[in-house]
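This report concerns only the one structure given below.
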Amino acid sequence: MTAAGTARAIQATPELAADADARFEGIADPVEQALAVLRWAGETFGDDFAVTSSMADGLLAHLASRAVPGVHVVFLDTGYHFAETIGTRDWISSVLPITLMNVTPPRTVAEQDAEHGPALHDRDPDLCCSLRKVQPLAAALAGYTAWGSGVRRDEAATRAGTRVVDWDAKRGMVKVNPLAAWTQDDVDAYIAEHQVPVNPLQEIGYASIGCAPCTRPVAPGEDPRAGRWAGRGKTECGLHV
Ligand code: SF4
């Protein structure tokens, strides 16, 4: 086990990612698979590895902190989050052995409103996500060689082909998806067993939690991501595609 704080000079390549994916894909137990992938990333990349979290829950942060104590957890603080999400961020960073990397866009919401007009999220959500999520994450990840996300195959058709270790060609980085093979039952069982912090919005129907203007609760049985950018023909913010 390698604690974050040890930088390793290793080159990230598509071959490295494919080799690791082949090695870890066959691990049947989802918890063991996630921990193995995260340990590998920590041991291979040291301080050059970070995971991201939307703070819908602390699941990935919990697993990553078990595998890589002190792991960097990147949160995109867009300026549009629910108060509950900010509270969950503070809760997670206070109870787990992680290093919180709180990333803010170059412009505040007020500055963006002055430049582009108010409620850009309603008129051009792709531009808003680019300014407040995609570009800030690109800048934050520029300092790393590998990153991890909590993307799961069962979340959406666009995520069905997610690999546990992949090559992020857009950023020239290794991307690990330790939860790729997890089901909602796996998530619920781990959270209950380890008392992982969960965003309280989940209790009132917010199955997938993003910025407040672009997130609504979903009905029981409805696609969890149906509450994101509802009615706007948009399904992804651009971070994972
Ligand atoms: S999710 Fe909505 S408010 Fe947040 S950055 Fe994207 S468009 Fe803007």
Side-chain angles (χ1 to χ4, degrees), residues 50-61 73-93 100-144 147-152 154-159 162 168 170-171 173 175 177 179 198-219 222-241:
V51 299
T52 56
S53 175
S54 67
M55 302 300 169
D57 59 52
L59 174 58
L60 181 61
V73 176
V74 174
F75 173 65
L76 283 173
D77 190 351
T78 64
Y80 276 121
H81 282 297
F82 294 99
E84 289 87 344
T85 300
I86 298 302
T88 304
R89 174 201 64 187
D90 295 343
W91 180 13
I92 288 170
S93 64
L100 178 69
M101 310 299 282
N102 198 69
V103 174
T104 54
R107 287 179 174 73
T108 64
V109 168
E111 288 167 346
Q112 178 171 295
D113 287 354
E115 187 171 343
H116 295 280
L120 183 62
H121 43 75
D122 289 343
R123 293 175 290 109
D124 192 344
D126 285 342
L127 177 59
C128 187
C129 274
S130 176
L131 295 171
R132 310 207 71 76
K133 288 184 165 184
V134 179
Q135 293 180 39
L137 183 67
L141 292 182
Y144 297 96
W147 70 296
S149 87
V151 168
R152 300 197 334 251
D154 72 347
E155 288 174 320
T158 50
R159 299 181 172 188
T162 301
D168 181 347
K170 192 163 67 177
R171 299 183 177 89
M173 302 172 72
K175 184 183 181 194
N177 302 296
L179 308 180
V198 174
N199 191 319
L201 289 172
Q202 292 206 28
E203 287 176 21
I204 53 171
Y206 288 84
S208 175
I209 302 169
C211 296
C214 303
T215 308
R216 66 157 172 80
V218 294
E222 193 178 6
D223 179 347
R225 288 188 65 81
R228 303 291 295 279
W229 302 285
R232 292 179 215 171
K234 181 175 166 69
T235 57
E236 296 278 357
C237 55
L239 301 181
H240 304 293
V241 291

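Just so you know, ligand 1 is whichever comes first in the structure, and atom 1 is the first atom listed for that ligand.
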Close-contact set for ligand 1 against [X] heavy atoms, below 4.0 Å:
| X | answer |
| --- | --- |
| Arg132 | 5 (S) |
| Cys214 | 1 (S), 2 (Fe), 3 (S), 7 (S) |
| Tyr80 | 3 (S) |
| Pro125 | 7 (S) |

Review point. With sequence neighbours left out, what residues match Asp124 under side-chain contact (heavy atoms from CB on, under 4.5 Å)?
Key: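 Asp124: side-chain contact (heavy atoms from CB on, under 4.5 Å) contacts with Leu120, Asp126, Leu127.
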
**Study point:** For Ala119, side-chain contact (heavy atoms from CB on, under 4.5 Å) partners two or more places apart
**Key:**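 side-chain contact (heavy atoms from CB on, under 4.5 Å) list for Ala119, sorted by chain: His121, Asp122.
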
Check your understanding: Only one of Thr104, Asn102, Thr85 clears side-chain hydrogen bond (donor to acceptor under 3.5 Å, both in side chains) with Asp77; which?
Key ->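 When side-chain hydrogen bond (donor to acceptor under 3.5 Å, both in side chains) is applied between Asp77 and each of Thr104, Asn102, Thr85, only Asn102 qualifies.
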
Point to revise | Contact check, side chains of Met55 and Ile209, non-hydrogen atoms, under 4.5 Å | key: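 No, every pair of side-chain atoms sits at 4.5 Å or beyond.
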
Review point. Looking at Val103, Val151, Leu76, Val74, which one forms a side chain to side chain contact (heavy atoms under 4.5 Å, CB included) with Thr52?
Key: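 Option passing the side chain to side chain contact (heavy atoms under 4.5 Å, CB included) with Thr52: Val74.
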
Review point. Atom 6 (Fe) of ligand 1 to Cys211: any N/O/S contact under 2.8 Å?
Key: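 Looking at Cys211, which is the residue asked about, there is no N, O or S atom under 2.8 Å from atom 6 (Fe) of ligand 1.
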
Exercise for review: Check whether any N, O or S atom of Cys128 sits under 2.8 Å from atom 8 (Fe) of ligand 1.
Suggested key: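 Yes.
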
